[in-house]
Amino acid sequence: MSETEFTNSAQIARRIAELRSELPEGVRTIAVSKYKPAAVIREAYAAGIRDIGESRIQEVIEKRQLLADLPDITWHFIGHLQSNKVNAALANVDWIHSVDSLKLARRINHAITSDVPSPKLCLQVKFAPDPDKFGWEADELLRDWDELEVLDRLDVRGLMTIAPLGLTEDETRALFERARQFLQELRVNAKRWSLEDLSMGMSNDYRLAIAAGATAIRVGRTIFGER
Ligand SMILES: *Cc1c(COP(=O)(O)O)cnc(C)c1O
């Protein structure tokens, strides 16, 4: 482990306090601790954070074990979920923000039982072309909508999106506003889900996301420093 992985706890607490002072009530701050040791999660917890984001299931499993004395952490999965990790995800996370295909949604639905309830789910949508990212294009999601709503065990809460790197500030703002509008359009069509949640905004762009109506931001570097 390199020395830069040890972030000073006073620094983490200060960054969290600064972030808090900027956020309106009701926006959930998910501290993204991917590739960082479990010890930094403990520091964030001590500073009041209860929502933790990770992008690999194996990392969630390891960190949960190390942090078993902190039972009220809400674990958010934000990475691409491979089919063979669905069962492990259902056993270890409270939210999956990155449901990125009908196929994955079907897998999750299939894995839910009376003993293994649905996590809260966000559907990942791309509002700008981004070949490096998973997710539906908006029109594809509309096409798949009826087939999604048939998956009656899923607890779908809303949408997640990532603004591609390299957009201008105006383009990023427009993308987040499009996401909010699209969520509202979906609500009109939705028969089963109330779709309250909009997960968008990272260290580079969370202010724009909040201004556009994000209900949850996912920030890593702002809290924990560079990875
Ligand atoms: C890594 C990651 C984040 C956090 O990114 P930062 O730039 O560190 O804030 C948020 N969302 C997703 C999907 C990520 O993979």
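One-based numbering, in listed order, for ligands and for the atoms of each.
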Using a 4.0 Å cut-off to any heavy atom of [X], which atoms of ligand 1 qualify?
X: G220; result: 4 (C), 6 (P), 8 (O), 9 (O)
X: V219; result: 9 (O)
X: I162; result: 13 (C)

Output yes when [X] and [Y] qualify as a salt bridge under the 4.0 Å nitrogen-oxygen rule, no when they do not.
X: K126; Y: E140; value: no
X: D152; Y: R192; value: no
X: D155; Y: R157; value: yes
X: E54; Y: K63; value: yes

Listed pairs under 3.5 Å, donor-acceptor, residues 209-217 side chains, sequence neighbours left out:
{"unit_1": "T215", "atom_1": "OG1", "unit_2": "D197", "atom_2": "OD1", "d": "3.4"}
{"unit_1": "T215", "atom_1": "OG1", "unit_2": "L198", "atom_2": "N", "d": "2.9"}
{"unit_1": "T215", "atom_1": "OG1", "unit_2": "L198", "atom_2": "O", "d": "3.3"}

Check if [X] has a non-hydrogen atom at a distance under 4.0 Å from any atom of ligand 1.
X: H97; answer: no
X: T222; answer: no
X: N204; answer: no

Report the nearest protein non-hydrogen atom to [atom]: residue, atom name, distance rounded to 0.1 Å.
atom: atom 15 (O) of ligand 1; result: K34 NZ, 2.7 Å
atom: atom 7 (O) of ligand 1; result: R221 NH2, 2.8 Å
atom: atom 13 (C) of ligand 1; result: I78 O, 3.5 Å
atom: atom 4 (C) of ligand 1; result: R218 O, 3.6 Å
atom: atom 5 (O) of ligand 1; result: M202 CE, 3.5 Å
atom: atom 9 (O) of ligand 1; result: S203 OG, 2.5 Å

Give me the ring orientation class for F127 and F182: parallel if the planes are under 30° apart, tilted from 30 to 60°, perpendicular past 60°.
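Ring orientation, 0 to 90° scale: perpendicular.
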
Who passes salt bridge (charged side-chain N to carboxylate O under 4.0 Å, His left out) against D69, sequence neighbours left out?
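D69 satisfies salt bridge (charged side-chain N to carboxylate O under 4.0 Å, His left out) with R42 once adjacent residues are dropped.
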
Checking D51 against H76: is there a side-chain donor and acceptor pair closer than 3.5 Å?
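The answer is yes; a qualifying pair exists.
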
